[in-house]
Number of protein chains: 2
Amino acid sequence: MVGGGQLARMTHEAGIPLGIRFKLLSDTPQDSAAQVVSDVVIGDYRDLATLRAFAQGCDVVTFDHEHVPAEHLRALEADGVVIRPGVEALLHAQDKGVMRERLWKAGVPCPRHRIVTDPEDVARFAEEEGDGDGYPVVLKTVRGGYDGKGVWVVRGAAEAAEPFRAGVPVLAEEMVDFARELAANVVRSPHGQAVAYPVVESIQVNGVCDTVIAPAPGLSEELSGQAQEMALKIAAELGVVGHLAVELFETRDGRLLVNELAMRPHNSGHWTQDGAVTSQFANHVRAVLDLPLGDPRPRAPWTVMTNVLGGDYPDMYAAYLHCMARDPALKIHMYGKDVKPGRKVGHVNTYGDDLADVRERGRHAADYLRGTITE
Amino acid sequence: MVGGGQLARMTHEAGIPLGIRFKLLSDTPQDSAAQVVSDVVIGDYRDLATLRAFAQGCDVVTFDHEHVPAEHLRALEADGVVIRPGVEALLHAQDKGVMRERLWKAGVPCPRHRIVTDPEDVARFAEEEGDGDGYPVVLKTVRGGYDGKGVWVVRGAAEAAEPFRAGVPVLAEEMVDFARELAANVVRSPHGQAVAYPVVESIQVNGVCDTVIAPAPGLSEELSGQAQEMALKIAAELGVVGHLAVELFETRDGRLLVNELAMRPHNSGHWTQDGAVTSQFANHVRAVLDLPLGDPRPRAPWTVMTNVLGGDYPDMYAAYLHCMARDPALKIHMYGKDVKPGRKVGHVNTYGDDLADVRERGRHAADYLRGTITE
């Protein structure tokens, strides 16, 4: 796996029981995954020679993030390295412009959008596509964004200069009047088997995922089926191998629009570690190795994932004592990262029959671990 | 953790989500746990200097097996190393003679027993303690046995020479007329918190654990409570820290007798990985670090663990394909060991509402992975 973040860490964890020999390419020995994996190569994923040396002896190469340059992926594929998902699929997770164009052509409902060239072009987009005065408009750099970074909401051409400064193409999108955000997680293997997890509700705070509720409360069977079918269709159309997260807007008038794609295990699927028969990480491993996929069904009526962000207390030991003693059924997943304010340093999963209780337990633990509450 | 076997491998796996920095002392880099752990020291656990160097920088030292010499453990404790379970407790898992004497004094029901000096003494033991002609008698070397090794069932003094050849003291025990074998698994922390898992039935084949059923079918609440209380009492009496497995005989007349003790995660607790809210491995880690313990309750009406023994086929890839495709809910746990006939190379967990079905799924997978069946 290329990339030493928490997704690689948890993928290794899921691969251990399957007897998988996991090899990691990590920036530093302190990276989240590098702390727990035996076979670690320290190197820069932006360097083709490093990638080539790393890929030696790997049956399959897969990814913790979308940042490996496409030209390097093509070079590795030309060398005969098995890359899953393959570069043609990955392009759609690396470049929001390519993704939008492809989904639009495939008839997948998306927000109205087009590539814009400068603030004046943003004004034209607002005029053509927006309601009322056309604003707000959402601007995104097509590459490199995550957790709200690389995304701006602008209310006029005067605010639209910033996104163009990075020198990366900018995509303008209508501001969708959504009721809530959902995510449809599916896993697809090279021989075409696919499984769909229950559709979840994803609650963002300041552009960062805060809480995921599985299944999405009150979602009609019809919309749930639509979301799963949409994700399975995208996986098949794009030739995705491994885990695919499709982030969706549920509009106030009951439609689904695709927001983002991720072709790797995803924050909206972390609940599966304790809430599904087979976790997204185990199924990602099974898919990229072309093993039959595991059962994606839920193990409890409700499972809630709550992200733990870094707070003002670098030492979490006292918080551990409190959280574990208060809730012996709490499932803690920490990433081994240094605590910095606002950084995702872990998550907690809770499950049970009573959604309000399950949410409260997760909320309390996450707030306590962050230091927001100290009762 | 000292020892690179599958118990260390699975303890590391369980420590990853807790953010535990796991350090391993392993005989070779190929050992089961050494394949998956980042921080591995290769060395001999029988060498005190090696142990001392390994213990540097560890908050706590715990064990994958009972074979570290007691005098080394005492030396480490004298150095100020925190060893859990401590040497005074561990002695009872290392030496069956010490264990029997201590349990007997504490009033814990055990088979009749005493240390014997030679085959003539075995004949005297049979005469004093046995029914009828006194045979069969069970002979055990007090140290070094596992999986039926170091245990003999003899039907006369003429058969009793072999156990004395190793030069290790020999314990004679009555042959218990048991209905079945049970195991009571508990975990205890330094500050005295303890949790008890449901009592399980353990089915042995040729002296090796084959199947564990959780909970033990048809076990009365009274006997189940007795078994749990007995294990909690032993843990407290002996000052055990970490996981304690108490292997029990359920006699035909409805009594419980203690067979063996193990002070570490144990084969009879592997079902907890997929069948309990908190696995034995996670709770062992929490206990030795003096963190509050996790909920030991079951997640399904029935969970069955079936051991996978090595068979005639060293390559399990084709068997993987079959087993995963046949049963998408099967939970496979492989140890990364070379396949040798009869060697424990992994286990499978199955769970559900229908015990017969849950057992059949585990049996089929284990037989298929071994190569006993190839349909």
Side-chain angles (χ1 to χ4, degrees), chain A residues 9-10 12-22 24 29 32-40 193 195 273-274 277-278 282-283 286 289-297 299-300 316-317 320-337 345-349 351, chain B residues 9-10 12-22 24 29 32-40 193 195 273-274 277-278 282-283 286 289-297 299-300 316-317 320-337 345-349 351:
Chain A
R9 180 184 177 101
M10 295 185 278
H12 172 55
E13 181 194 340
I16 292 173
L18 296 175
I20 305 305
R21 298 288 189 113
F22 191 91
L24 183 74
S32 177
Q35 295 170 19
V36 300
V37 171
S38 170
D39 192 359
V40 182
Q193 191 193 1
V195 294
Q273 292 175 302
D274 302 293
V277 175
T278 313
N283 261 337
R286 289 162 79 141
L289 293 170
D290 207 9
L291 292 166
L293 301 178
D295 190 340
R297 280 178 295 181
R299 289 199 71 176
M316 288 194 166
Y317 182 70
Y320 256 46
L321 293 179
H322 169 85
C323 291
M324 288 178 169
R326 181 184 195 260
D327 185 356
L330 180 72
K331 306 307 287 184
I332 295 177
H333 298 267
M334 300 302 284
Y335 307 153
K337 292 182 163 183
V345 294
H347 66 273
V348 293
N349 286 333
Y351 55 82
Chain B
R9 180 185 177 101
M10 294 185 280
H12 172 55
E13 182 194 337
I16 292 173
L18 296 176
I20 305 305
R21 298 286 189 115
F22 191 90
L24 183 75
S32 177
Q35 295 170 19
V36 300
V37 172
S38 169
D39 191 0
V40 182
Q193 189 193 5
V195 294
Q273 293 176 301
D274 302 294
V277 175
T278 313
N283 261 336
R286 288 163 78 142
L289 293 171
D290 207 10
L291 293 166
L293 300 178
D295 190 339
R297 282 178 295 181
R299 290 199 70 176
M316 288 194 166
Y317 182 69
Y320 256 46
L321 293 180
H322 169 85
C323 291
M324 289 178 169
R326 182 183 193 260
D327 185 355
L330 180 72
K331 306 307 287 183
I332 296 176
H333 298 267
M334 300 303 285
Y335 307 153
K337 292 182 163 182
V345 294
H347 66 272
V348 293
N349 286 334
Y351 55 81

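No experiment lies behind these values; they were computed from the predicted model shown. Note on naming: letters A, B, ... go to the chains in the order of the sequence lines (proteins, then strands), and numbering restarts at 1 for each one.
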Residue pair [X] / [Y]: nearest heavy atoms and the distance that separates them:
X: A/L18; Y: B/Y320; value: O-OH, 2.7 Å
X: B/I16; Y: A/R9; value: O-NH2, 3.0 Å
X: B/A300; Y: A/R299; value: CB-NH2, 4.3 Å
X: A/S38; Y: B/Q35; value: CB-O, 3.2 Å

| Residue selection (most heavy-atom pairs with chain B, distance under 4.5 Å) from A/K337, A/R297, A/R286, A/Q193 | A/R286
| query | Side chain, backbone, both or neither: which part of B/K331 has an atom under 4.5 Å from a heavy atom of chain A? | reply | side chain
| Toward chain A, the part of B/A34 with a non-hydrogen atom under 4.5 Å |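 Contact with chain A: backbone only.
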| Side chain to side chain, A/E13 and B/P17, heavy atoms closer than 4.5 Å |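 Yes, their side chains come closer than 4.5 Å.
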| request: Compare all side-chain heavy atoms of A/T278 with those of B/M324 and state whether any distance is below 4.5 angstrom. | output: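 A/T278 does not reach B/M324 side chain to side chain.
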If you count heavy-atom pairs within less than 4.5 Å of chain A, which of [options] leads?
options: B/L293, B/L330, B/L321, B/V36; result: B/V36
options: B/H347, B/Q273, B/M10, B/M334; result: B/M334
options: B/V195, B/D295, B/D274; result: B/D295
options: B/G346, B/A325, B/G336; result: B/A325
options: B/F22, B/Y351, B/Y335, B/Y317; result: B/Y351

| request: Name the region of A/A14, side chain, backbone, both or neither, that has any atom closer than 4.5 Å to a heavy atom of chain B. | output: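 Neither part, no heavy atoms under 4.5 Å.
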| Part of A/V40 within contact of chain B (heavy atom distance under 4.5 Å) |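 Contact with chain B: none, neither part.
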| A/D290: side chain to side chain contact (heavy atoms under 4.5 Å, CB included) partners, not counting sequence neighbours |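 Expected list: A/R84, A/S189, A/P190, A/H191.
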